[in-house]
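Read through the structure below, which is laid out as structure tokens, and then see the notes.
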Amino acid sequence: MSLMLVFALAACGSNNSSSSGNTSGGTEAASSTNTTEPVAAAPAENEEMTIKHQLGEATLKKNPAKVVVFDYGTLETLDKLGVEIAAVPQGNLPSHLEKYNDSKYTNAGTLFEPDFEKLNALKPDVIFISGRSSEAYEELNKIAPTIFMGVDTQNYMASFTENVKTMGELFGKEAEVEQELAAINDSVKAVNDLTSASGKKGLIILTTGGKVSAFGPGSRFGIIHDVLGVTPVDESIKVDTHGNSISFEFVAEKNPDYLFVVDRDAVVTEEGKQATSAKEIVENDLVKKTNAYKDGKIVYLDPSYWYLSGGGLISVPEMIKEVQEGIQ
């Protein structure tokens with residue numbers, strides 16, 4: 001009986017050991033599976049993306065945490081997509097981006113003069129710039145991958161679309177981007193249907209300091225002609241950052257059916273000086289002879305969208321809307 005008891009205990013111990021082994025094996029398998037998934041997912045979380053742009057090439061991890069923006073169009077797009085911003089120039093923000101004046105955002109200097117000391121202390125993961133900050137590109141690129149996101153006015157919609165899709169891919173917002181772009185393309189088509197049926201011509205002017213400049217196709221405001229289909233009243237207007245200086249005799253001679261006006265002084269004024277409104281400057285005796293004035297088709301565009309910003313998911317739909325409402 002003693003021998004039988006010994007054998008019985010040995011068998012029991014053997015079974016417990018086997019059972020314990022199976023449980024341990026099951027736990028290891030489960031543990032291994034749980035550990036493997038994050039390891040497998042890690043490359044996606046740390047996935048790198050290379051972005052080629054006008055000034056060079058940047059390689060960075062997707063979903064960068066500390067984002068610095070020196071382009072208001074890009075700031076609009078990121079705001080619309082719900083991407084958090086770490087720093088932005090706060091000196092002359094457009095009214096529709098006023099929330100970024102809050103102290104929770106680092107003031108990154110100005111569009112033309114970044115605050116390199118603050119940026120070095122911030123240690124950003126990515127910096128977005130456009131034309132106004134392009135001269136600082138090399139210095140900014142030493143701090144963090146710096147990407148030029150300005151819109152190519154010679155190819156506005158393709159450039160704008162590429163920029164927005166880049167943002168979507170970088171921050172995992174592809175679906176949101178596609179939805180926004182689809183709505184914008186529908187709006188563009190609706191305006192083109194109006195302009196192609198009207199057969200009327202338009203002129204774009206900017207007023208500042210009592211002076212007037214004209215802008216045509218391919219210019220910073222050329223979306224009106226190139227994308228929205230408004231026929232230019234003069235095809236010979238040269239592409240220039242500051243437009244072609246003109247007189248009101250020129251406006252009267254060209255006799256536009258639509259006169260689109262950007263009032264720069266409404267958003268950029270010299271300290272201590274009071275600007276004269278574009279309406280006071282434009283609606284003079286010469287302009288009153290034009291079809292645009294007679295038909296009530298002088299369209300005062302919002303300079304926050306057209307001059308300060310532009311090229312973002314907030315401004316572009318508003319710009320299209322303003323033109324559509326102006327020509328109807």
Side-chain angles (χ1 to χ4, degrees), residues 48-90 92-94 96-97 100 105-106 108-114 119 122 124-174 176-178 180-181 184 219-223 227 241 304-319:
E48 288 192 334
M49 179 175 174
T50 298
I51 300 171
K52 293 183 179 180
H53 56 92
Q54 184 175 314
L55 301 180
E57 184 175 292
T59 299
L60 67 160
K61 290 179 181 179
K62 286 190 174 183
N63 292 303
K66 290 184 181 178
V67 180
V68 177
V69 185
F70 283 91
D71 172 65
Y72 294 142
T74 301
L75 183 60
E76 288 180 1
T77 296
L78 296 178
D79 181 74
K80 189 78 173 179
L81 297 176
V83 175
E84 192 59 43
I85 306 301
V88 63
Q90 295 177 325
N92 199 26
L93 283 164
H96 60 286
L97 296 172
Y100 290 100
Y105 304 104
T106 298
T110 71
L111 293 175
F112 296 96
E113 296 181 355
L119 292 175
L122 182 64
D125 297 307
V126 64
I127 302 172
F128 296 107
I129 66 170
S130 59
R132 290 169 175 137
S133 308
S134 58
E135 289 189 9
Y137 169 72
E138 295 294 342
E139 197 66 29
L140 290 170
N141 203 36
K142 294 175 185 176
I143 299 172
T146 299
I147 304 168
F148 183 92
M149 295 297 289
V151 174
D152 179 4
T153 59
Q154 300 285 326
N155 199 11
Y156 196 101
M157 283 307 290
S159 174
F160 161 69
T161 299
E162 182 181 356
N163 285 349
V164 173
K165 284 188 173 183
T166 297
M167 293 293 97
E169 185 179 354
L170 183 61
F171 293 96
K173 303 284 187 178
E174 292 93 338
E176 293 92 329
V177 163
E178 289 303 323
E180 294 292 336
L181 289 176
I184 289 170
S219 71
R220 64 191 302 177
F221 310 126
I223 180 177
V227 177
T241 303
S304 288
Y305 298 127
W306 291 84
Y307 186 81
L308 288 182
S309 189
L313 281 180
I314 296 175
S315 58
V316 170
E318 288 297 327
M319 291 159 71

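Only this structure's heavy atoms are used, side chains among them; waters, hydrogens and symmetry mates stay out. Positions are given from 1 along the sequence.
Rounded to the nearest 0.5 Å, atoms CG (Leu181) and CG (Leu313) are 6.5 Å apart. In this structure, CG in Asp71 is found 11.0 Å from OG in Ser134, a value given to the nearest 0.5 Å. In this structure, CH2 in Trp306 is found 4.0 Å from CE in Met319, a value given to the nearest 0.5 Å. Rounded to the nearest 0.5 Å, atoms CG (Asp125) and CG (Asn63) are 10.5 Å apart. Between the CD1 atom in Ile85 and the CG atom in Asp79 there is a gap of 7.5 Å [rounded to 0.5 Å]. From Lys66, atom NZ reaches atom CG of Leu119 across 11.5 Å, with rounding to the nearest 0.5 Å.
Between Thr77 and Val177, every side-chain heavy-atom pair lies at or beyond the 4.5 Å cut-off. Val316 has its side chain out of reach of Glu76: every pair of non-hydrogen atoms, C-beta onward, lies at least 4.5 Å apart. Taking the side chain as every heavy atom from C-beta outward, Ile129 and Leu55 approach each other to under 4.5 Å. The shortest distance between side-chain heavy atoms of Tyr307 and Arg220 falls below 4.5 Å. For the pair Phe128/Leu78, a side-chain contact is recorded, criterion being any heavy-atom separation below 4.5 Å from C-beta on. Proximity of Ile184 to Met157: side-chain heavy atoms (C-beta onward) are separated by under 4.5 Å at one or more points. At least one side-chain heavy atom of Leu170 sits under 4.5 Å from a side-chain heavy atom of Pro64. The side-chain heavy atoms of Glu84 and Val67, taken from C-beta on, include no pair separated by under 4.5 Å.
Nearest approach of Pro145 to Ala58, heavy atoms of both residues: CB-CB, 4.1 Å. Residues Ser309 and Gly73 come closest through the heavy atom pair OG-N, 3.6 Å. Closest non-hydrogen pair, Ser159 versus Gly150, comes out as OG-O, 3.9 Å. Contact record, Gly310 with Ser315: CA-OG, 3.2 Å, taken as the closest heavy-atom pair.
At most 12 non-hydrogen atoms from other residues, nucleotides or ligands lie less than 6.0 angstrom from CD of Glu113.
Remark: the backbone N or O of Gly311 is not paired with any side-chain donor or acceptor of Tyr72 at under 3.5 angstrom. When atom types are taken as modelled, the side chain of Lys62 and the backbone of Gly172 share no donor-acceptor pair closer than 3.5 angstrom. Using modelled atom types, one side-chain atom of Gln90 and one backbone atom of Tyr100 make a donor-acceptor pair closer than 3.5 Å. Checking side-chain atoms of Ser133 against main-chain N and O of Leu111 turns up a donor-acceptor pair under 3.5 Å. Formation of a donor-acceptor pair under 3.5 Å by the Gln54 side chain with backbone atoms of Phe148 is not found in this model. Using a distance-only test at 3.5 Å, with no hydrogens or angles considered, a donor-acceptor pair links the side chain of Thr146 to the main chain of Leu140. No donor-acceptor pair closer than 3.5 Å links the side chain of Glu176 to the backbone N or O of Leu81. At distances below 3.5 Å, not a single donor-acceptor pair connects side-chain atoms of Thr161 with backbone N or O atoms of Ala158.
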Report task. Show your reasoning for whether side chain to side chain contact (heavy atoms under 4.5 Å, CB included) applies to Ile147 and Thr74. Result -> CA-CA 11 Å; Ile147 304 168; Thr74 301; over 6 Å; no
Requested in this report: Begin with the C-alpha distance, continue with both residues' side-chain angles, and end with the deciding distance and a verdict on side chain to side chain contact (heavy atoms under 4.5 Å, CB included) for Met149 and Met167.
Outcome: CA-CA 10 Å; Met149 295 297 289; Met167 293 293 97; 3.5 Å; yes
Report task. Tell me, with the steps shown, if Thr166 and Met49 meet side chain to side chain contact (heavy atoms under 4.5 Å, CB included). Result -> CA-CA 10 Å; Thr166 297; Met49 179 175 174; 4.2 Å; yes
Query raised in the report: Where do Lys165 and Glu162 land on the salt bridge (charged side-chain N to carboxylate O under 4.0 Å, His left out) test, with the steps shown first?
Result: CA-CA 5 Å; Lys165 284 188 173 183; Glu162 182 181 356; over 6 Å; no
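Between His53 and Tyr137, the angle of the ring planes goes over 60°, which puts this pair in the perpendicular group of the 30/60° scheme.
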